[in-house]
Amino acid sequence: MLRAARLALLGTLGALGLDEVALRTRWRRNRLLILGYHGVALDDEHQWDPTLYMPARVLRRRLQLIHEAGCHVLALDDAVRRLYDGELPPRSVVLTFDDGAYDFYARAFPIVETFGYPVTVYLTTFYAELNRPVYDSMASYLVWKGRGRVLRWPEVLGRHGDVALTDDGRRLVRERLWRYPVEHGLSGRDKDALLARLAARLEVDYDDILRRRLLQLMTLSEAGELARRGVDLQLHTHRHRVSLEEAVFAREVGDNRERLRRLRASEATHFCYPGGVTRREFLPWLRRSNIASATTCAPGIASRRHDRLLLPRYVDSAERSDAEFRGWLAGVAALLPRRRQAEAIGQFLEEPGAP
Ligand SMILES: [Zn+2]
């Protein structure tokens with residue numbers, strides 16, 4: 001169904017009060033809405049990538065809508081257990097945030113805290129431990145910051161010459177920047193230096209971006225502080241990568257779990273697929289790693305009929321309207337056909353460029 005038609009239908013259902021009715025049905029009561037979030041902007045990140053970042057006011061508005069709909073926001077572990085025991089309270093919702101960005105620590109959590117809602121962070125630990133920007137994202141963000149300029153950089157752009165940073169030009173430069181470290185076997189330190197050089201060429205104040213920790217993960221000590229304040233830290237692989245080999249896949253989960261063990265009182269047993277990449281063969285591997293639940297980026301509302309290792313989520317973004325969000329709280333939006341969310345590319349450890 002076309003997005004416009006779906007939105008119009010949800011608006012009509014809302015105007016008729018049908019989402020209110022749906023919220024009170026037995027159908028909805030037996031279902032769990034797991035909401036997924038990524039970043040909450042510290043500055044202008046939501047203008048760079050509105051599918052990943054939302055302004056703080058949108059998050060606040062979402063939580064207000066959850067409150068007004070009388071939803072029960074449950075802790076993930078409790079919610080999953082109750083889902084399969086058939087003991088969910090009416091209008092159940094779970095809040096999850098992926099990756100563990102610094103903006104969760106600085107911006108999102110203080111908002112969630114004012115509502116008193118439990119929240120899960122699927123924390124990827126490699127960059128949290130390293131405490132430096134994620135190369136691919138930062139390269140893309142810096143190129144966006146330089147939009148409208150002409151980039152002259154023969155070393156990286158080679159035969160492409162000078163590139164005007166229009167939409168097409170930015171795409172070309174991003175691809176060159178993502179491939180360049182692989183072609184030249186750059187280390188993490190080299191990649192950091194390359195980002196600094198890119199920023200200098202674009203006359204972007206990179207020191208300021210680094211100081212304010214845009215697009216960076218929180219440190220493990222900040223994550224530990226949040227855990228002590230009640231945030232549930234769960235698994236998202238160590239390097240934000242999966243593998244088609246069980247031993248490597250299990251090591252990613254194990255390395256991630258080992259870091260979380262130092263921050264949590266109990267063992268982390270809930271998992272979120274990095275980049276939303278799921279494969280059937282992962283399921284027995286996750287079971288052998290004692291994973292109690294795994295969430296995807298496949299839009300939907302969870303019921304007992306779902307495999308607990310393939311739980312759907314509604315990945316929210318700033319581009320969604322109030323009517324659409326209310327439709328999801330009620331569950332009616334899950335019934336309308338829609339396109340499956342694309343998996344992120346570059347999520348396998350076998351691929352070149354993986355950290
Ligand atoms: Zn992620």
Side-chain angles (χ1 to χ4, degrees), residues 34-42 45-46 48-54 59 76 94-105 107-109 119-141 178 213-220 222-223 226 231-243 248-249 252-257 259-260 263 268 270-279 282 286 289 291 293-299 309-318 340-349 351 353-355:
I34 306 175
L35 292 169
Y37 293 89
H38 285 97
V40 174
L42 293 169
E45 304 96 298
H46 58 291
W48 162 61
D49 190 344
T51 62
L52 280 183
Y53 284 86
M54 60 171 52
L59 178 66
L76 176 66
V94 162
L95 296 176
T96 68
F97 283 75
D98 288 10
D99 305 330
Y102 172 71
D103 56 75
F104 177 82
Y105 175 86
R107 192 130 303 172
F109 183 59
V119 61
T120 291
V121 171
Y122 291 115
L123 182 68
T124 185
T125 36
F126 178 82
Y127 276 102
E129 210 166 46
L130 230 56
N131 198 11
R132 67 165 200 241
V134 179
Y135 176 81
D136 285 5
S137 311
M138 186 58 89
S140 166
Y141 178 68
W178 289 341
R213 297 178 59 195
L214 270 53
L215 274 67
Q216 292 197 42
L217 296 189
M218 52 184 159
T219 63
L220 292 184
E222 285 159 348
L226 290 185
V231 174
D232 173 42
L233 303 177
Q234 294 290 351
L235 302 159
H236 198 37
T237 74
H238 184 49
R239 290 170 190 76
H240 208 268
R241 291 286 195 278
V242 289
S243 170
V248 181
F249 185 99
E252 271 303 314
V253 175
D255 286 352
N256 193 204
R257 182 177 261 156
R259 268 70 175 184
L260 294 188
L263 311 175
H270 297 279
F271 178 81
C272 172
Y273 298 91
V277 175
T278 58
R279 293 287 181 278
F282 294 166
L286 287 170
S289 292
I291 298 298
S293 84
T295 50
T296 67
C297 294
L309 297 181
L310 288 172
L311 291 174
R313 277 193 306 173
Y314 175 59
V315 178
D316 196 7
S317 89
R340 203 188 143 88
Q341 205 136 339
E343 291 178 339
I345 49 166
Q347 292 297 321
F348 288 92
L349 273 164
E351 291 168 354

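Order of appearance sets the numbers: ligands from 1, and atoms from 1 within every ligand.
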**Under 3.5 Å side-chain donor-acceptor pair for His236 and Asp99** = yes
**Prompt:** Is there an N/O/S atom in Cys272 at a distance below 2.8 Å from the Zn ion (ligand 1)?
**Reply:** no
**Item:** Residues Arg107, Glu45: salt bridge by 4.0 Å N-O rule
**Value:** no
**His240 near the Zn ion (ligand 1) via N/O/S, less than 2.8 Å** = yes
**Message:** If the cut-off is 2.8 Å, does any N/O/S atom of Asp98 fall short of it from the Zn ion (ligand 1)?
**Reply:** no
**Complete:** Which of Asn256, Thr124, Asp255, Thr125 passes side chain to side chain donor-acceptor pair (under 3.5 Å) with His238? It is Thr125
**Asked** Under 4.5 Å between any side-chain heavy atoms of Val40 and Phe109, yes or no?
**Response** no
**Complete:** min-distance N/O/S atom, Asp99 vs the Zn ion (ligand 1), resolves to OD1
